[in-house]
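Labels below follow one simple rule: chain letters A, B, ... track the order of the sequence lines, proteins then strands, and each chain is numbered from 1.
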2 protein chains.
Amino acid sequence: MTGVTTAAAEPGPPAEKPRRARGEQTRQLILETALRLFRERGYAETTMRAIAKEAGVAVGNAYYYFDSKEHLIQGFYDRNQVAHRVAAEQILADEKELAPRLRGVLHAGIDVNAPYHSFAATFFKSAAEPSSPLSPFSRESSPAREAAIAIFRDVVDGSNAKLDPELRKELPELLWLGWMGVILFWVYDKSPDQRRTRRLIDGAVPLIDRLVSLSRLRVLRPALRQVLALIETVRKDD
Amino acid sequence: MTGVTTAAAEPGPPAEKPRRARGEQTRQLILETALRLFRERGYAETTMRAIAKEAGVAVGNAYYYFDSKEHLIQGFYDRNQVAHRVAAEQILADEKELAPRLRGVLHAGIDVNAPYHSFAATFFKSAAEPSSPLSPFSRESSPAREAAIAIFRDVVDGSNAKLDPELRKELPELLWLGWMGVILFWVYDKSPDQRRTRRLIDGAVPLIDRLVSLSRLRVLRPALRQVLALIETVRKDD
DNA sequence: CACATCTCTTGAACATGTTCAAGTTGAGCG
DNA sequence: CGCTCAACTTGAACATGTTCAAGAGATGTG
């Protein structure tokens with residue numbers, strides 16, 4: 001009992017590796033190489049051996065830093081999330097009406113992802129599996145998800161729209177859910193330049209805007225309550 | 001030019017193999033064995049070698065009848081579709097109100113799939129890939145999809161609900177889309193016995209019922225038109 | 001029956017994601 | 001400087017989906 005034990009197992013996230021400078025560099029190298037090859041050849045066509053060879057490391061080394069081939073995608077994921085945020089802020093700074101704010105943010109999201117449409121379609125497969133860490137609903141994606149919802153909170157809170165306070169509270173998450181739907185549609189969209197997705201956005205936004213306004217109408221009050229109650233009910237448990 | 005050429009390459013589906021009695025038998029044997037093992041051990045844990053061995057054939061033989069491991073799932077798919085139809089008819093025969101008809105059909109769908117929940121979650125991954133023949137939107141799934149939509153057409157047409165004729169036309173497909181959403185929710189539902197999905201159904205059905213009724217309201221007429229126009233717009237092209 | 005042709009079957013070989021026991025490197029410590 | 005230990009690296013070995021050239025069996029034809 002002579003040595004000073006370095007701050008023993010504190011509670012919290014499942015024990016990250018210390019990761020020194022050299023390791024971090026290798027990790028980045030592998031990630032960069034992988035994303036480049038994914039873009040150049042596609043996801044399925046890029047083998048782990050190819051990534052390792054191109055990066056000049058052993059294949060086992062890639063597995064030291066990434067649990068699996070799928071985990072490499074998380075990097076792509078995070079990067080686009082940031083890009084969307086940046087693009088969104090541009091728009092949100094200039095516009096105060098709810099509808100154009102929402103429309104702008106949605107189009108910006110598609111803009112950011114557009115270069116990766118074909119590649120996204122193949123990796124979407126991974127994201128869809130509920131147990132996958134790539135799933136937008138997974139615990140691992142939680143930070144990225146929160147960040148995405150925050151964008152939509154900005155859309156709502158920064159607008160001059162008057163709406164029911166309870167609806168206001170739920171709206172960001174609902175809009176994010178809608179955004180997931182748009183992404184789903186986009187992934188399946190085979191029209192040139194995914195213009196059907198653009199039309200979907202242009203058509204759906206005024207509709208949402210209208211519904212949100214109507215939500216203050218007397219006749220619709222009970223329906224709104226019913227919707228909010230449903231959300232509440234479904235959320236409980238797990 | 002003496003022989004009678006057997007009816008040469010007619011246009012149409014991509015040339016089915018003639019498939020004689022022996023072949024059909026082997027095909028069934030492989031499919032049965034595969035589905036049994038999937039149920040017993042799970043999809044990922046069942047190897048093609050195991051299926052072949054258990055069925056008493058060579059592994060290559062399985063590939064003679066099925067293009068890939070994923071293609072084996074189509075059998076499961078078709079089977080449950082039929083089961084859902086049967087269960088739905090039971091309910092639709094007894095009930096004339098729209099809401100309980102819809103509610104019954106949705107619960108029946110979950111009932112039919114419930115035994116496969118854990119297994120469905122893993123194979124759902126395959127279905128999500130747009131290019132996969134298993135995707136509910138794929139050309140290969142077209143018959144199954146049409147059959148599923150037909151159930152919802154029954155739900156609507158057999159009910160005594162009065163609704164806008166244009167909405168009536170679109171409603172079956174919209175309900176099917178909603179059903180796909182329920183399935184998506186169900187796949188991700190980790191609550192015991194997937195009771196959150198049950199609650200989602202019980203909560204959403206009255207809401208839909210209400211919205212459908214409200215759709216005849218004067219104030220909502222323009223909104224309804226807008227929804228229908230959106231559907232129209234998005235559908236165009238491909 | 002002999003031959004041709006098509007269906008069906010085989011299993012070894014291949015490609016690729018993943019694991020692991022063994023080694024190397026380098027920072028901290030006395 | 002020499003020791004220790006954790007971080008890092010290696011590449012062969014493994015598991016499993018898939019392919020394919022070769023053959024066996026059945027069916028029709030002259």
For [X], all residues meeting salt bridge (Lys or Arg N to Asp or Glu O under 4.0 Å), sequence neighbours excluded:
| X | result |
| --- | --- |
| A:Asp193 | none |
| A:Arg36 | A:Glu40, A:Glu54 |
| B:Asp67 | none |
| B:Asp111 | B:Arg198 |

* To do: Please determine, for the side chain of B:Thr47, which listed nucleotide (D:dT10, D:dT16, D:dC8) has the closest atom?
  =>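 Comparing D:dT10, D:dT16, D:dC8 against the side chain of B:Thr47, the answer is D:dT16.
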Rounded distance (Å) that lies between atom [atom2] of [N] and atom [atom1] of [X]:
| X | N | atom1 | atom2 | answer |
| --- | --- | --- | --- | --- |
| A:Gln25 | C:dG26 | CD | P | 12 Å |
| B:Ile51 | D:dT16 | CD1 | P | 12 Å |
| B:Tyr43 | D:dT16 | OH | P | 14 Å |
| A:Phe66 | C:dG17 | CZ | P | 15 Å |
| A:Ile73 | C:dG17 | CD1 | C1' | 13 Å |

* Asked: So does B:Tyr64 get a side-chain nitrogen or oxygen closer than 4.0 Å to the phosphate oxygens (OP1/OP2) of C:dT9?
  ->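 No, because none of the side-chain N or O atoms of B:Tyr64 sits under 4.0 Å from OP1 or OP2 of C:dT9.
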Provide a list of protein-nucleic acid N or O atom pairs under 3.5 angstrom, restricted to nucleotides 18-25 of chain C.
residue, atom, partner, partner atom, Å
C:dT18, OP2, A:Tyr63, OH, 2.8
C:dT18, OP2, A:Lys69, N, 3.0
C:dT18, O5', A:Tyr63, OH, 3.4

* **Charged tip of A:Lys69 within 45° of A:Tyr43 ring normal and under 6.0 Å** =>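 Satisfied, under 6.0 Å and within 45°.
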* Identify, between B:Thr26 and A:Glu45, the residue whose nearest nucleotide on DNA chain C lies closer to the 5' end. =>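 Nearer the 5' end of the strand: B:Thr26.
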Could you go through residues 71-79 of chain B and list every donor-acceptor pair under 3.5 Å that involves a side-chain atom there, pairing it with any protein atom two or more places apart or in another chain?
residue, atom, partner, partner atom, Å
B:His71, ND1, B:Ser68, OG, 2.9
B:Arg79, NH2, B:Glu32, OE2, 3.4

